[in-house]
Amino acid sequence: QRQLVESGGGSVQAGGSLRLSCAASGYNGSCMGWFRGAPGKEREAVAGILGKSGATVYYADSVKGRFTITRDNAKNTLFLQMDSLKPEDTAMYYCAAGCQGPYNYNTWYVSSTYINWGQGTQVTISS
């Protein structure tokens, strides 16, 4: 099973920015996504991406206009740029990759769409 390793989490004040990274060897062009939630609880989809160029992207309404998902295939890395952070963005952020079934507007936000998951990186936003 190919490993996913997140990094870049931390603590910042509201209005600040963070950039999360996910080292993801072997997933160039494959569907990938970012989810967030508390450990052991249901995860909320944040963003999804498909294609080597990252031409197809999806965002949860709660982060649209503030978060940007991108990929660097040369570095085998997925990114999540998070700007204008709010206290409600506080969560463990997980990288997910490798899809089973179709990947589209109706499936990208479903956690069971993804096969592999990272261990998560904590993001804490203070007011």
Side-chain angles (χ1 to χ4, degrees):
Q1 188 171 356
R2 292 173 287 188
Q3 192 175 17
L4 303 175
V5 181
E6 303 96 334
S7 62
S11 298
V12 298
Q13 289 190 325
S17 298
L18 283 172
R19 189 192 196 199
L20 305 184
S21 299
C22 174
S25 179
Y27 287 106
N28 292 347
S30 297
C31 59
M32 298 188 72
W34 287 99
F35 283 69
R36 65 186 182 187
K41 296 192 175 181
E42 187 171 351
R43 297 169 184 176
E44 171 195 21
V46 175
I49 191 168
L50 177 67
K52 288 187 175 181
S53 65
T56 301
V57 294
Y58 303 102
Y59 295 100
D61 288 343
S62 59
V63 306
K64 202 171 291 183
R66 300 188 298 122
F67 290 11
T68 305
I69 186 171
T70 57
R71 70 196 316 162
D72 184 331
N73 295 323
K75 297 181 179 180
N76 294 315
T77 304
L78 179 73
F79 299 102
L80 184 68
Q81 177 67 41
M82 305 188 297
D83 299 318
S84 302
L85 284 161
K86 304 175 181 180
E88 51 263 44
D89 294 318
T90 295
M92 185 73 80
Y93 282 71
Y94 300 91
C95 173
C99 296
Q100 38 195 2
Y103 192 75
N104 53 45
Y105 183 78
N106 293 315
T107 62
W108 78 270
Y109 57 86
V110 181
S111 59
S112 59
T113 295
Y114 302 86
I115 298 172
N116 294 325
W117 294 80
Q119 294 300 307
T121 184
Q122 179 67 37
V123 171
T124 303
I125 312 302
S126 58
S127 57

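Keep in mind the model is a prediction, meaning the values are calculated, not measured. We're numbering straight along the sequence, starting at 1. All heavy atoms count here, side chains included; hydrogens, waters and symmetry mates do not.
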Stepwise side chain to side chain contact (heavy atoms under 4.5 Å, CB included) check, V63 with R36: CA-CA 12 Å; V63 306; R36 65 186 182 187; 4.0 Å; yes
Run V12 and I125 through side chain to side chain contact (heavy atoms under 4.5 Å, CB included) and show every step you take. CA-CA 5 Å; V12 298; I125 312 302; 3.3 Å; yes
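Rounded to the nearest 0.5 angstrom, K52 NZ and S30 OG are separated by 9.5 Å. In this structure, I69 CD1 and Y59 OH are separated by 6.5 Å, a value rounded to the nearest 0.5 Å. Interatomic distance, CE of M92 versus NZ of K41, reported as 13.0 Å (0.5 Å rounding).
The aromatic ring centroids of W117 and F35 lie less than 6.0 Å from each other.
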List the atom pairs, with distances to 0.1 Å, where a side-chain N or O of residues 75-82 and a protein N or O form a donor-acceptor pair under 3.5 Å, not counting sequence neighbours.
residue: N76; atom: OD1; partner: N28; partner atom: ND2; Å: 3.4
residue: T77; atom: OG1; partner: K75; partner atom: O; Å: 2.7
residue: Q81; atom: NE2; partner: D83; partner atom: OD1; Å: 2.9

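Side-chain contact check for T121 versus S7: every heavy-atom pair is 4.5 Å or farther apart. For the pair Y27/L4, a side-chain contact is recorded, criterion being any heavy-atom separation below 4.5 Å from C-beta on. Counting heavy atoms from C-beta outward, N116 and Q3 have side chains that stay 4.5 Å or more apart. In this structure, E44 and S62 have side chains that are in contact, with non-hydrogen atoms separated by less than 4.5 Å. The shortest side-chain heavy-atom distance between L85 and F67 falls under the 4.5 Å cut-off.
Taking all atoms of both residues into account, the shortest heavy-atom contact from A60 to A45 is CB-O, 3.4 Å. The minimum heavy-atom distance linking P87 with S127 is given by the pair CG-CB, 3.9 Å. Considering all non-hydrogen atoms of both residues, Y93 and A91 come closest at CD1-O, 3.3 Å. Between V123 and D89, the closest heavy-atom pair is CG1-O, 4.3 Å. Contact between G33 and Y114 at its shortest, heavy atoms only, is N-CE2, 3.7 Å. Taking every heavy atom of both residues into account, C22 and M32 meet most closely at SG-CE, 4.4 Å.
Put simply, Y103 and V110 are part of the same group of oily side chains (I, L, V, M, F, W, Y) that touch within less than 4.5 Å, one to the next.
Counting only distance, with no hydrogens or angles, the side chain of Q119 and the backbone of V5 share no donor-acceptor pair below 3.5 Å. R66 places a side-chain N or O within 3.5 Å of a backbone atom of S84 that can act as its donor or acceptor partner.
Around atom CD of Q13, no more than 12 heavy atoms belonging to other residues, nucleotides or ligands sit under 6.0 Å away.
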